[in-house]
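Have a look at the structure below before the remarks.
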Amino acid sequence: MATYYNEPSHTFSEYLLVPGLTDEINVPANVSLKTPLTKFKKGEKPELSLNIPMVSAVMQSVSGDELAIALAKEGGISFIFGAQPIESQAAMVARVKNYKAGFVPSDSNVKPDTTIAEMLETLEKTGHSTMAVTEDGTPNGKLLGILTSRDYRIGHVSPDEKVEKFMTPREKLIVGKLGDDLTTCNNLIWDHKLNTLPVVDDEDRLQYLVFRKDYDSHKENPNEILDEEKRFLVGAGINTRDYEQRIPALVNAGVDILVIDSSDGYTVWQAKTIKWVREHYGDSLKIGAGNVVDPDGFNYLVNAGADFVKIGIGGGSICITRETKGIGRGQATAVIEVAKARNEYYKKTGIYVPLCSDGGIVYDYHITLALAMGADFVMLGRYFSRFEEAPGEKLMINGSYVKEYWGEGSNRARNWGRYDLGQGKKLTFEEGVDSYVPYAGHLHDNVQLTTAKIISTMCNCGAVSIAELQEKARLTLVSSTSIVEGGAHDVIVKRNNTDFNK
């Protein structure tokens with residue numbers, strides 16, 4: 001006989017937090033949103049953590065390299081979408097890893113007899129206008145000079161002229177020495193008003209470049225999330241089909257963490273994928289799995305070796321899995337039930353497995369609810385798709401700007417691997433829609449506002465950390481009329497000036 005759940009499953013909008021005592025310590029300046037990204041043993045620290053509890057969804061219309069860079073600056077991480085050729089996904093990961101680093105290997109190098117035309121070809125290929133001029137044109141050749149876009153004017157120089165005529169020669173360069181720490185190099189940049197500092201060895205061979213923009217960026221973004229080499233963290237989504245070819249390419253590109261992207265993660269294919277990772281990379285390569293909605297799914301993936309588990313089926317704004325297949329669960333109930341299983345697993349084994357709530361977030365306060373219910377971070381699709389940095393095209397429709405946003409289960413995405421049940425390379429029917437979302441500007445301003453709301457609510461609950469919020473939170477179910485009462489009602493809401501000007 002089938003199993004029946006007597007209690008209905010609930011969404012985030014059916015819950016509210018009941019305030020706790022706000023003490024003197026409960027002010028925004030004391031609140032930390034730092035949260036674990038990967039599993040860890042009791043008494044130890046996770047190898048990877050987030051500075052804000054927000055990650056971007058594994059979606060073509062969300063997680064490109066531009067958004068990954070913007071989110072890493074704020075303290076979150078993006079999972080570069082996997083529904084693309086292996087080479088292009090690896091290239092996106094590499095662009096994020098190479099965007100910011102303390103000591104950057106030079107990838108734009110020319111010889112002194114390189115022509116301006118040849119140099120411009122290199123510029124078009126790498127996108128980097130600062131070029132090291134070395135004796136043999138290699139990244140670690142003897143340094144002869146530096147060429148930047150300030151040294152020449154396109155259209156005012158002959159394409160056949162040599163770069164040595166325009167470069168700043170070695171004798172005029174301030175350089176750092178191999179072995180200098182980043183602070184020393186940044187001090188040289190500051191003292192000499194430089195944009196770029198070459199770092200050379202005892203034989204004057206180029207080793208690295210240090211950029212002023214990296215120093216400035218860190219000062220402007222104190223929450224940015226970096227690896228040991230001062231590079232941004234970035235994740236990537238994979239499927240359960242071509243992982244043997246895709247994963248090595250992503251690892252070579254520098255990926256920090258993977259996640260198996262699937263609408264239903266309670267499958268043998270996910271266990272096989274994790275097993276392959278452990279056999280080839282051990283525990284050094286981190287991999288999350290999902291999605292699940294109950295303790296059975298959670299325990300299956302954790303026992304398979306997942307580093308974090310993703311919760312949610314059918315709750316996304318562009319997802320129609322529940323509508324087409326009749327599977328899923330209200331997101332709030334799913335998070336609550338899986339969190340209970342996680343806590344039991346922790347008590348039993350001493351291993352804490354982070355949970356990611358994926359889907360069902362409509363309002364900013366839903367993020368705080370998800371955290372209070374036991375999630376360690378949330379994965380967002382629609383939220384990030386609205387921003388300038390998202391891959392979707394920005395359009396003007398009916399006088400307002402919108403961004404394109406389409407589901408991975410839509411015919412446009414054709415992401416058959418995400419819905420694979422062993423049937424091969426085809427998408428039998430759609431589980432997502434193609435849509436628009438209102439354009440919301442840049443990621444930085446919006447994330448700052450969202451995290452401010454989360455922090456304020458945590459203060460109201462008497463918590464200064466996510467772990468304390470989960471311990472102290474008091475949640476209440478609300479009636480349909482209570483939901484109406486919670487918004488503006490029985491008044492005529494004034495339109496702001498922006499509305500009148502539309």
Side-chain angles (χ1 to χ4, degrees), residues 1-12 14-15 36-40 58 237-240 243 258-278 286-316 319 321-360 369-379 409 417-423 431 470 475:
M1 182 177 176
T3 298
Y4 290 89
Y5 296 89
N6 294 323
E7 293 295 324
S9 62
H10 298 283
T11 66
F12 292 130
E14 295 176 79
Y15 282 91
L37 178 59
T38 55
K39 65 184 178 184
F40 60 96
V58 192
I238 62 170
N239 60 54
T240 57
Y243 57 87
L258 304 171
V259 66
I260 306 173
D261 182 36
S262 176
S263 64
D264 176 15
Y266 191 8
T267 72
V268 66
W269 294 288
Q270 292 222 359
K272 287 181 177 180
T273 303
I274 298 171
K275 181 180 179 182
W276 185 90
V277 168
R278 297 299 174 232
K286 306 305 179 185
I287 181 168
N291 287 17
V292 301
V293 293
D294 67 354
D296 291 342
F298 168 82
N299 288 319
Y300 181 79
L301 293 179
V302 168
N303 290 330
D307 286 296
F308 72 84
V309 173
K310 207 143 62 81
I311 306 167
I313 294 178
C319 183
T321 295
R322 297 181 194 174
E323 189 176 312
T324 57
K325 295 171 66 174
I327 64 169
R329 202 174 197 186
Q331 187 68 6
T333 298
V335 171
I336 292 168
E337 291 300 313
V338 174
K340 289 179 182 177
R342 187 270 310 281
N343 294 343
E344 291 174 5
Y345 183 85
Y346 180 55
K347 290 179 182 178
K348 180 180 177 182
T349 66
I351 299 173
Y352 186 91
V353 180
L355 299 177
C356 170
S357 177
D358 176 19
L369 285 172
L371 299 174
M373 291 171 180
D376 297 277
F377 53 97
V378 298
M379 178 171 277
R418 191 175 196 274
Y419 303 87
D420 182 28
L421 293 175
Q423 76 271 34
E431 293 188 42
Q470 293 169 348
L475 296 114

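For clarity, every value in this text was computed on a predicted model and none was experimentally measured.
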**OP:** Would you mind checking if R329 and D264 are paired as a salt bridge, meaning a charged N to carboxylate O distance below 4.0 Å?
**Re:**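 Answer for the salt bridge query: no.
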Separation between [atom1] of [X] and [atom2] of [Y], rounded to the nearest 0.5 Å:
{"X": "C356", "Y": "L37", "atom1": "SG", "atom2": "CG", "answer": "9.0 Å"}
{"X": "F12", "Y": "L369", "atom1": "CZ", "atom2": "CG", "answer": "7.0 Å"}
{"X": "D261", "Y": "Q270", "atom1": "CG", "atom2": "CD", "answer": "9.0 Å"}

Residues in side chain to side chain contact (heavy atoms under 4.5 Å, CB included) with [X], at least two apart?
{"X": "A375", "result": "V335, S357, A370"}
{"X": "F40", "result": "P36, P46, Y352"}
{"X": "I351", "result": "K39, K41, Y345, T349, V353"}

Check: [X] side chain, [Y] main-chain N or O, donor-acceptor pair, under 3.5 Å:
{"X": "Q331", "Y": "I311", "answer": "yes"}
{"X": "D307", "Y": "I287", "answer": "yes"}
{"X": "D358", "Y": "G312", "answer": "no"}

Original post:
How would you list, by chain and number, every residue that makes a side-chain hydrogen bond (donor to acceptor under 3.5 Å, both in side chains) with T11, sequence neighbours excluded?
Top reply: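 Listed in chain order: E14.
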How would you list, by chain and number, every residue that makes a salt bridge (Lys or Arg N to Asp or Glu O under 4.0 Å) with [X], sequence neighbours excluded?
{"X": "E337", "value": "K340"}
{"X": "R342", "value": "D376"}
{"X": "K272", "value": "none"}

Subject >> A306 to A289 - nearest heavy-atom pair and separation >> reply: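 Reported closest heavy-atom pair: CB-CB, 3.9 Å.
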Subject >> Min side-chain heavy-atom separation I260-Y243 under 4.5 Å >> reply: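 A side-chain contact is absent here, since even the closest heavy-atom pair is not under 4.5 Å.
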Subject >> Residue pair I313, Y266: steps toward the side-chain contact (heavy atoms from CB on, under 4.5 Å) verdict >> reply: CA-CA 11 Å; I313 294 178; Y266 191 8; over 6 Å; no
Side-chain atoms of residues 293-302: list all donor-acceptor pairs with protein atoms under 3.5 Å, sequence neighbours left out, distances to 0.1 Å.
residue: D294; atom: OD1; partner: G297; partner atom: N; Å: 3.0
residue: N299; atom: ND2; partner: P295; partner atom: O; Å: 3.1

